[in-house]
Amino acid sequence: MKRRTLAIAAVTAVTLALAASPASATTTARPATAAPAVAALAAPDVQVSNVQAHLAQFQSIATSNGGNRRAGSAGYTASVAYVKSKLQAAGYTVTEQTCTSCTYQGNNVIAEWPQGPTTDVVMFGAHLDGVSAGPAINDNGSGSSVLLENALVLAQQNPTMTKRVRFAWWNGEEQGLQGSKFYVNSLTTAQKGYIKGYYNFDMVSSTNGGYFINRLTSTTSAPLKAYWDSLGLSPEENVEGQGRSDDYSFQQAGIPTSGYAMGASARKTSSQASKWGGTANAAYDPCYHSSCDTTNNVNATGLNRSADGVAYAIWDLAVGGGTPTNDFSVAVSPTAGGVVRGGSTTATVSTATTSGSAQTVALSASGAPSGVTVSFSPSSVTSGGSATMTVSASSSASLGSFTLTVTGTGSATRTASYTLTVTGTGSCTGGQVVGNGGFESGATVWTATSGVITNSSSQPARTGSYKAWLNGNGSTSTDTLSQSVTVPAGCSSYALAFYLHIDTTERTTTVAYDKLVVQIGSTTLATYSNLNKATGYTLRSFDVGAYAGQTVTLKFTGTEDASLQTSFVIDDVTLQAS
C-alpha cells in the first residue's frame with residue numbers, strides 16, 4: 001500500500017452489475033446484502049503452503065538484491081521474472097507493459113487465461129513492488145502471491161469459462177499507483193467497457209489484521225463478501241485503504257471495483273479485537289513499510305482465507321457448467337482462549353454448507369502441546385451445524401501460546417485456527433511486577449542509555465519528577481530502556497501498560513522517520529513514530545498472558561534520523577497480574 005492518501009473526488013456510485021456476456025443467459029444482479037450464492041462449480045481449496053512458498057521466493061529475491069523489491073530495483077525486476085515464468089509455464093498469455101511515466105520505469109505483468117469471451121472480462125490485481133526499507137512480504141508480496149497461486153490453480157483445473165479472467169501485477173504503486181494508472185490510461189474506451197469488475201488485493205496477511213473489503217456494500221463486492229460471510233468473519237469496509245491502492249485507478253475510470261485487505265498502520269479497535277482476535281490499539285501491521293516486513297510478518301490464517309476467497313470469486317464470476325459440488329466451511333468462535341494447568345476451556349465450532357448439499361463433517365484438531373487434549377461434542381455434524389470444542393490441560397501441560405488447527409473432514413478438508421495460551425496452576429500471586437515503573441528511583445532496576453531516565457523539566461513527567469526520555473536529539477541516535485520481569489503463573493489477567501508522550505518537530509504526515517519499538521520477550525508489541533505525536537500522555541496497554549510463568553525482558557528502543565527531533569517520553573510502566 002502506498003504511503004500517502006490521495007485526495008478523492010466525489011464519484012457517483014457505480015452500480016453496474018457483473019453482467020453476463022451477450023452470448024450467455026440473462027441474469028439478475030444480486031444485491032450486496034444477499035445470502036452467499038452457490039457458484040456453478042465449487043471453487044477449489046487454494047493451498048496456503050503454496051502461497052507461502054511464493055512469499056519465500058520473494059524474500060529470497062529481496063535478500064539477494066539489496067534487501068528490497070522497490071520499483072526500478074534489481075529486486076523488482078527479479079520479482080517480475082519469477083511471476084512471469086510461473087504464468088508462462090502454466091499456459092497464460094503474458095505481457096510485460098513498461099510504465100514509461102513511472103518514477104522508476106518498470107514493467108506491469110498482465111496475464112490472461114485464454115478462454116472465455118474477450119469482451120467480458122473480470123480482472124484481479126495486486127502491486128508487485130515494495131518500499132526500499134525491506135523485502136515487502138505483507139506489503140505486497142501477500143497479495144501478489146495469493147493471485148499467482150490462484151492463477152496457477154485456475155490453469156491446473158482448466159474449467160469451462162463464462163468470462164475472460166485477467167490477472168495483473170503492478171509496478172510503482174508505492175510512488176502513487178503509477179503502474180495501474182498507466183495501464184488504465186492505455187486502454188481504449190471500448191477496452192475499459194469490457195472489464196466488468198476489477199478486484200484488488202493489498203496486504204492480505206497482516207499479523208494483527210482485520211477483514212476488510214473495498215466498497216463493501218457494492219454489487220461488485222458480493223462474491224468476496226459471500227465467502228468471508230460463510231466463515232462468520234463479519235468483514236468491514238476498508239476505510240483506511242480508500243484511494244491508496246490500485247483499485248482507485250480503475251474506480252476513477254468508471255470500472256466497478258472491490259478487493260480484500262487486512263490493514264496497514266491504522267490501529268485495531270477494541271470491538272475489532274473482540275470480533276477477530278489480536279491486540280486492540282495496536283497497528284494491523286506493526287511492520288508496515290519497515291525492515292521487519294519479512295516472511296515472519298505473515299498471518300497464515302488470513303492469507304489462507306484471502307486466497308480461498310479469491311478462488312471463490314473467480315469461480316462464482318467466471319466459471320460455469322456442471323453440477324454444484326458439495327462443499328462446506330469451518331469456523332471457531334472465539335478464535336483464541338486460555339487455560340490453566342489442570343483446567344479446561346471451550347469454544348464453538350460452526351460449519352456451513354457453501355455449495356451443493358449438506359454433508360457429514362468429522363471434526364478433529366492438531367497442534368496441541370504436550371499435556372493438552374481436544375475433544376468435540378458431537379464429534380461429527382451435518383454441515384450447517386455446530387459442536388462444542390473442549391480444550392483440557394493436565395497438571396504438567398506445556399506452558400505458552402500455541403496454534404491449534406481445527407479440521408473438518410467430509411467430501412473436502414476445511415480448517416480453522418484457534419490460539420491457545422496455557423498458564424501455570426496455583427494461586428495467582430498477582431500484583432505489579434515492573435520495578436521502579438515511575439522512574440522515581442532513577443536508574444534503579446532499569447538498564448538504559450545514559451541520560452534516558454531523567455528529571456529534566458524540558459519534558460515533564462506524568463507523575464512525580466522522573467520519566468524515561470528516549471531520543472529528542474534531532475540527530476541520528478538510538479536509545480534503549482529495558483528490565484527483566486518475571487510474569488507470575490496462574491493468573492487470569494496480565495496487563496502491561498505505560499503512558500507515552502510523543503513530541504516532534506517533523507512536519508510530515510505520511511513518513512515515519514523516527515520510531516519507538518516496544519518488545520516483551522521475542523514479541524514486538526507495537527511500533528510508534530513521529531506520526532503518532534499527541535499533546536500530553538496517552539495510555540498504551542497490552543495483554544501479555546502468553547508469557548505467564550516466564551522471565552522475559554521488557555524493552556523500549558527509540559531510533560531517530562539525522563534531523564528534526566522526535567521525543568518518546570515514557571512514564572508509569574506497569575505489568576499487573578490478577
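None of the values given here were measured: they were computed from a predicted structure.
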Taking only residues two or more places apart in sequence, or in another chain, which ones meet Ser205 in a side-chain hydrogen bond (donor to acceptor under 3.5 Å, both in side chains)?
-> Asn138

Compute whether any side-chain donor of one residue and acceptor of the other, for Asn200 and Asn214, lie under 3.5 angstrom apart.
-> no

Can you sort out the partners of Glu236 under salt bridge (charged side-chain N to carboxylate O under 4.0 Å, His left out), two or more places apart, ordered by chain and number?
-> Lys275

Do Asp572 and Thr463 have side-chain N/O donor and acceptor atoms under 3.5 Å apart?
-> yes

For residues 328-340, which residue pairs qualify under salt bridge (charged side-chain N to carboxylate O under 4.0 Å, His left out), counting only residues two or more places apart or in two chains?
-> none

Do we see a donor-acceptor contact under 3.5 Å between the side chains of Ser329 and Tyr227?
-> no

Aromatic ring pairing Tyr199/Phe124, orientation class (parallel under 30°, perpendicular over 60°, tilted between) | parallel

For Arg540, all residues meeting salt bridge (charged side-chain N to carboxylate O under 4.0 Å, His left out), sequence neighbours excluded = none

Where does the angle between the aromatic ring planes of Tyr260 and Trp228 fall among parallel (under 30°), tilted (30 to 60°) and perpendicular (over 60°)?
-> parallel

Side chain to side chain contact (heavy atoms under 4.5 Å, CB included) filter on Ala577, not counting sequence neighbours, yields Pro488, Cys491, Tyr494

Do Trp276 and Tyr284 have ring centres separated by under 6.0 Å?
-> no

Whether Trp170 and Tyr198 hold their rings parallel, tilted or perpendicular, with breakpoints at 30° and 60° = tilted

Looking at Arg414 and Asp45, does any basic side-chain N land under 4.0 Å from a carboxylate oxygen?
-> yes

Please tell me if the side chains of Pro135 and Gln59 come closer than 4.5 Å, counting only heavy atoms from C-beta onward.
-> yes

Are side-chain N/O atoms of Gln272 and Tyr211 paired as donor and acceptor at under 3.5 Å?
-> no

If we ignore angles and hydrogens, is there a donor and acceptor under 3.5 Å between the side chains of Ser350 and Ser386?
-> no

Would you please name every residue forming a side chain to side chain contact (heavy atoms under 4.5 Å, CB included) with Ser364, sequence neighbours left out?
-> Thr407

